[in-house]
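Order of the sequence lines fixes the chain letters, A, B, ..., with proteins taken first and strands second; residue numbering starts at 1 for each chain. Keep in mind that this is a model prediction, so the values were computed, not measured. Worth knowing before you read on, the calculation uses all heavy atoms, side chains too, and leaves out hydrogens, waters and symmetry mates.
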Amino acid sequence: MINLWTSVGIWLGALSTLAIWSFLYKDNPFYKIAEQIFVGVSAAYWLVYTIYNILIPNLFSKLIADPKGNWVYYIPGVLGLMMVLRVIPKFEKASFYPLSLLIGTTAGISLLRFLKSDVLAQTTATMLNPFANANIAVMIGQIIIIIGTITGLIYFYFSKKHQGFVGVNARIGIIFLMISFGASFGYTVMARISLLIGRLQFLFGDWLHLIK
Amino acid sequence: MNYVLPLIITFLAGLLMLVSEFIPHKPFESLVSELEIWFMIISGFAIVLGQISLLKMNIFKIKYKSEGWKYCIVTLSAFFIMLLVGILWGTESQAGLLGGGERIIQSIGEKPFDYIFKYIYQHLMASMFSLLAFFIASAAYRAFIARTLESALLLVSAIIVMLGNTSVGTSMTSFLPQSLNFLHLPNISKFIMDYPNTAGQRAIIIGAGLGIIGSSLRVILGIERSWIGGKK
């Protein structure tokens, strides 16, 4: 036996889904209402999440438990308030100080993270011996990876005009990039279709009980 | 002077993160872990700033009766209801101002915040993204016109990847003998994903990584100043 509140929830979910899908006909008030509910609920969800999971454990609980011992946390607290002051145009410049800390830290973290994971790790993974494997399909595949990666990078090299040797390699590079974009597009379509199937299963299963 | 101190702070924060990577000892180790907590706290306030900005924009629209102002009332109502239930009864893992919300859990099955999240937010989000399935079809119609070699490659690889991941694609080439196993659509799809796709993605990742490293250096060294209005 389904609980009354669960039934109400399923009806709310079904009506929300139909309201969003009504956009397929044309932009209409039902879609706009559902869209605005989504914006409002989403904003409040992240605000509540931030309060409970970031601000309370890292700042407020520390300052309440031991204000003198944890005096150092007044600094990010004040910087945070200076950040919020950005909503008042008169005090906009006060937000430059917390923003500078955020941007400096993010730049430092990004530089190291992308250097290690994206540049070095990916380059190391490309430096392979394709002939070390006995399987011919894997060998061809690994040669494709080496050629594709190098020519793809040549395509992204804009300091030299794409003509002659560079032009030929850039052209090969774009072929690999297009195959890659096609594959990514195919995967995106699959993901969206599976979401659509999930919605239809909810409507015809949980809501209308037409399918099990 | 207004811009000098922020640029110095940016430089020092970025430098500290870089130095701590190469000297993982005191005092850099503890300084960085402390800076990471500060970063989280200020980021938290940045999220609060975003929500205040959203509220401000909606209130102004209602105040000046701009186009579609009535929908802003819906946004604000949804926002305050979700915020209120979150603060009063808390979330699944956190107690709110009214405590753990045992009584309300007994009547509706879960906390109101989680109830709205489960039955409204999740459905709205899934429907919104599933809507893209329809629009992606019209985008595919435009993209899948094989005018050039490049667009033909895009078309072929997308179709093979899509078909190779479905039962229809599997059955289309199921008549092929075992000796021609490599021509089965799922196998061709896997080959495309494992090799040419990896090569293309790797070139993009390395290129983007180099770009991010360059931009980060420009920010740390104070060459890139657009975040403070681009002042010299």
**OP:** For the residue pair Gln51(B) and Thr50(A), confirm or rule out a side-chain donor-acceptor distance under 3.5 Å.
**Re:**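 Distance-only check fails for Gln51(B) and Thr50(A).
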Original post:
Are Glu34(B) and Tyr73(A) linked by a side-chain donor-acceptor pair shorter than 3.5 Å?
Top reply: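 Side-chain D/A pair, Glu34(B) to Tyr73(A): present.
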Original post:
Do the ring planes of Tyr115(B) and Trp5(A) sit parallel (below 30°), tilted (30 to 60°) or perpendicular (above 60°)?
Top reply: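 Answer is perpendicular, since the angle exceeds 60°.
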Subject >> Plane angle bin for Phe96(A) and Tyr3(B) - parallel if under 30°, tilted between 30 and 60°, otherwise perpendicular >> reply: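 If you compare the ring of Tyr3(B) with that of Phe96(A), the planes turn out tilted.
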With a 4.5 angstrom heavy-atom cut-off, is it the side chain or the backbone of [X] that approaches chain B, or both, or neither?
X: Thr126(A); result: both
X: Tyr157(A); result: neither
X: Leu81(A); result: both
X: Phe181(A); result: both
X: Ile193(A); result: both

**OP:** Could you note down all residue pairs passing salt bridge (charged side-chain N to carboxylate O under 4.0 Å, His left out) where residues 101-127 of chain A supplies at least one of them, sequence neighbours left out?
**Re:**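 For residues 101-127 of chain A, and leaving out neighbouring residues, the salt bridge (charged side-chain N to carboxylate O under 4.0 Å, His left out) pairs sorted by first residue read Lys116(A)-Glu21(B).
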Subject >> With Val119(A) via side-chain contact (heavy atoms from CB on, under 4.5 Å) - residues at least two apart >> reply: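 With sequence neighbours excluded, Val119(A) shows a side-chain contact (heavy atoms from CB on, under 4.5 Å) to Thr123(A), Leu210(B), Ile213(B), given in chain and number order.
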Original post:
When you look at OH of Tyr25(A), are more than 12 heavy atoms from neighbouring residues, nucleotides or ligands closer to it than 6.0 Å?
Top reply: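 At most 12 heavy atoms, drawn from other residues, nucleotides or ligands, come within 6.0 Å of this atom.
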For [X], which atoms come within 4.5 Å of any heavy atom of chain A: side chain, backbone, both, or neither?
X: Phe135(B); result: side chain
X: Met128(B); result: both
X: Phe11(B); result: neither

Original post:
Any side-chain heavy atom of Ser53(B) sitting closer than 4.5 Å to one from Arg86(A)?
Top reply: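 Sidechains of Arg86(A) and Ser53(B): no contact.
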